[in-house]
Amino acid sequence: MSKTLVEKIWDAHVVKSEAGFPDILYIDTHLIHEVTSPQAFDGLRKRGLPVFRPQQTVATADHNVPTIDQLLPIKEELSRYQVDMLTKNCAEFGIELYGLGHPFQGIVHVIGPELGITLPGKTMVCGDSHTSTHGAFGAIAFGIGTSQVEQVFATQCLLQQKPKTMKIEVNGTLGKGVTAKDIILYILSKISAAGGTGYFIEYAGSAIEALSMEARMTICNMSIEMGARGGLIAPDQTTFDYIKGREFAPAGAEWDKALAYWKTLYSDADAKFDKVLTFDAEDIGPMITYGTNPGMGMGIKEHIPSTSSQPDKEQLSYQKALNYMGFDDDSSLIGKPVDYVFIGSCTNSRIEDLREVAGFVKDKQKAESVTVWIVPGSKQVEQQAINEGLDKIFEQAGFQLREPGCSACLGMNEDKIPAGKYCVSTSNRNFEGRQGPDARTLLVSPLTAAAAAITGKITDVREMLTES
Amino acid sequence: MKKFEKLTSAIVPLNIENIDTDQIIPARFLKATTREGFGENLFRDWRYNGDHTVKPDFVLNDPAYTGRILVAGKNFGCGSSREHAAWAIQDAGFDVVISSFFADIFKGNALNNGLLPIQVSDDFLSAIFTAVSKDHTAKLAVDLEKQTVIIADTGEEADFEINAYKKSCLINGYDDIDFILAQKHLIEEFEQAK
């Protein structure tokens, strides 16, 4: 019988399937961090249970860590306690921890792929909704709550309903200055922040196939912003080339065996999806959000849709969002002054993102009124940026290259945007208060963020790119 | 896990769509390492000003509205997977959340904690908001066994869906770990066959 990629991987991991019950799904890799794990470890202690497969569990500290002076003790008491608890719990339960000071430390969804832990055909979970990132490799990867973290600790399994499947095809060639982030913000603007709920999405089409692994991760990362359980992309030569030689990737005979299996991981030609959507890459330009959920996005030169154009029942919430942002119906954002630019997060903090920004800002200076933070996704990304001299370019431009962590994406650490200020951000969520109480977030690509940093206002990056 | 069978209660209406988990419990309050006490910061930035003074207009600060049922606009609980959102709602005294649409992860987290998420039609949700706007003490009667919710004043009734397994977990107070651990031999057999 023909199957979708999701079905192939799912079926290969079902321990038990019984009518009337969710499937018992085997989990190959469990990633954990300091915020959503302590209560799960506590639960194990209360039940008197060990971690069933500690060698399939990997930990890092990312959400709560400072992004300057990381080797000094964490100043904020509660953050320090939470990070210390992770260290203690990992030692007690025998889990490998890439904590502060470790050369592999970083955002959990950046280090999995770069260490070769994330592989095609795997099932992977983490107590973090952006676990969908790992789907870029052709893995079933999704975010879970803390009770489920405890479940995976105790059993290496999860009780899960098999999700519905959706295929999103993007065909054609992206224009100048248009990137993977613009693709996903565009799809979100078309299908809304709830348009993927209940589905596992497979991204396909020539525009997706042309993307690098890091760009594919940006796409899959934001699947959750449509409410989808996860998103994935069939592995291909780009995937295999990226994985080969990484720290924990299979090698030698193991590599050959793995590769033979990975090559079977695609949706069969006549496989049935529950829903199929198709988009044209030529319709996509640089995108920006204007509201308080990631579905409220538009082409950077468009005007904010009017409240009266929204369905009756949604007008109240829509107006509330525009009021929060301080924007009017039908207005354009071009030329609007910005206060902060944040380049980072599990969506856009990888070396290609930093290279793209550095390439654009080389020999330019940031606008005086703007504060620019570049927060690399991991120690390895940070080191690579330094090796390539990107740190010098950022320094000359007046950008601060900080140390790795989730940082101002969610403002759990000190990196908060002050109340009322506008932050052009490469992160994934523009919710009210996400980057700090009353902070206003505009989601964009790294290139559009870099343009705003230089001009100090919302800018169509295409107008600043030299012809080549 | 907390058991749930039936509840008749007044409601707290929150007629806003796309309420994300950052609104339910902002990230800066996720630093605790236990499950208790999150209710204090439920909807923190909607309940309090930056200087910690109370925003009197927000429904949770209005003493007229009490009750153990939270009713909210569609796509409730979107965004972050933080289970702290379910813990905060429960810790603030709610046993049931009603919306016309729930985000998947939130729904799962709620069920795993004995907080019952009930999805109703847009029309029935509007009927609840109308009832409570006419009378702030309007009550709902929820019956998990029968899978029904009734607006007490008008007698309007809606059925709701729930997975049969999850329903029995809620009624009996079992959780998924109990269920899987009882079949641990299957997991070991699966690993050996891989």
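Just so we're on the same page: letters track the sequence lines, and every chain starts at 1. Bear in mind the structure is a predicted one, so any value in this text is a computation, not a measurement.
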Problem set entry | Audit row: A:Gln39, B:Trp87, side-chain hydrogen bond (donor to acceptor under 3.5 Å, both in side chains) steps and yes/no | CA-CA 11 Å; A:Gln39 293 88 352; B:Trp87 300 336; over 6 Å; no
For this session: State, with a plain yes or no, whether a side-chain heavy atom of B:Ile162 is found less than 4.5 Å away from one of B:Leu170.
Result: yes
Exercise. Based on non-hydrogen pairs under 4.5 Å, which of A:Arg229, A:Glu225, A:Met85 is most in contact with chain B?
Worked result: A:Arg229
For this session: Tell me, out of A:Leu316, A:Thr36, A:Ile144, who's got the most heavy-atom pairs with chain B below 4.5 Å.
Result: A:Ile144
For this session: Could you check whether the rings of A:His63 and A:His33 sit parallel, tilted or perpendicular, using 30° and 60° as the cut-offs?
Result: parallel
Exercise. If you count the non-hydrogen atoms of other residues, nucleotides and ligands that lie under 6.0 Å from CD in A:Glu77, is the total more than 12?
Worked result: no
For this session: Against chain A, work out which of B:Leu181, B:Asp175, B:Thr33 has the most heavy-atom pairs shorter than 4.5 Å and name it.
Result: B:Thr33
For this session: Measure distances from B:Glu189 to the heavy atoms of chain A and classify the residue's part below 4.5 Å as side chain, backbone, both or neither.
Result: neither
Problem set entry | Residue, of A:Asp42, A:Asn64, A:Leu49, that accumulates the most heavy atom pairs under 4.5 Å with chain B | A:Asn64
Problem set entry | Atom group of B:Phe101 that falls short of 4.5 Å from chain A, counting heavy atoms | side chain
For this session: Tell me, for B:Asn163 versus chain A, whether the close heavy atoms (under 4.5 Å) come from the side chain, the backbone, both or neither.
Result: side chain
Problem set entry | B:Glu188 versus chain A, the contacting section by heavy-atom distance below 4.5 Å | side chain
Exercise. Under 6.0 Å from the CZ atom of B:Phe179, do we count more than 12 heavy atoms belonging to anything else shown?
Worked result: yes
Exercise. Of all of B:Arg44, B:His84, B:Arg82, which one pairs up most often with chain A through heavy atoms under 4.5 Å apart?
Worked result: B:His84
Exercise. Can you check whether A:Pro66 reaches A:Glu414 side chain to side chain, under 4.5 Å on heavy atoms?
Worked result: yes
Exercise. So does B:Lys2 have more than 12 non-hydrogen atoms from other groups sitting under 6.0 Å from NZ?
Worked result: yes
Exercise. If you count heavy-atom pairs under 4.5 Å between each of A:Gly295, A:Ala154, A:Ser192, A:Ser79 and chain B, which one has the most?
Worked result: A:Ser79
Problem set entry | When A:His130, A:Lys416, A:Gln161 are compared by non-hydrogen pairs under 4.5 Å with chain B, the top option | A:Gln161
Exercise. Who among A:Pro437, A:Pro163, A:Ser147 has the most heavy-atom pairs with chain B under 4.5 Å?
Worked result: A:Ser147
Exercise. Is there a side-chain contact between B:Lys107 and B:Asn112, using heavy atoms and a 4.5 Å cut-off?
Worked result: no
Problem set entry | B:Phe106, part contacting chain A, at a heavy-atom distance under 4.5 Å | neither
For this session: Answer with side chain, backbone, both or neither: which region of B:Tyr165 has an atom nearer than 4.5 Å to a non-hydrogen atom of chain A?
Result: both
For this session: Return the option, out of B:Thr21, B:Asn113, B:Ile105, with the maximum number of heavy-atom pairs under 4.5 Å with chain A.
Result: B:Ile105
For this session: Taking atom types as modelled, find out whether A:Gln160 and A:Asp23 have a side-chain donor-acceptor pair closer than 3.5 angstrom.
Result: no
Problem set entry | chain A interface, residue from B:Asn18, B:Thr34, B:Asp45 that has the most non-hydrogen pairs under 4.5 Å | B:Thr34
Problem set entry | Residues in residues 49-62 of chain B that sit under 4.5 Å from chain A, counting heavy atoms only | none
For this session: For residues A:Phe200 and A:Met166, determine if any side-chain heavy atom of one lies less than 4.5 Å from a side-chain heavy atom of the other.
Result: no
Seminar exercise, completed: When the 4.5 angstrom heavy-atom criterion is applied to B:Lys166 and chain A, the contacting part is neither
Exercise. Does any heavy atom of chain A fall under 4.5 Å from the side chain of B:Glu17, the backbone, both, or neither of them?
Worked result: both
Exercise. Would you call B:Asp95 and B:Leu116 a side-chain contact if the rule is heavy atoms closer than 4.5 Å?
Worked result: no
Exercise. Without hydrogens or angle criteria, can the side chains of A:Thr133 and A:Asn221 be said to hold a donor-acceptor pair below 3.5 Å?
Worked result: yes
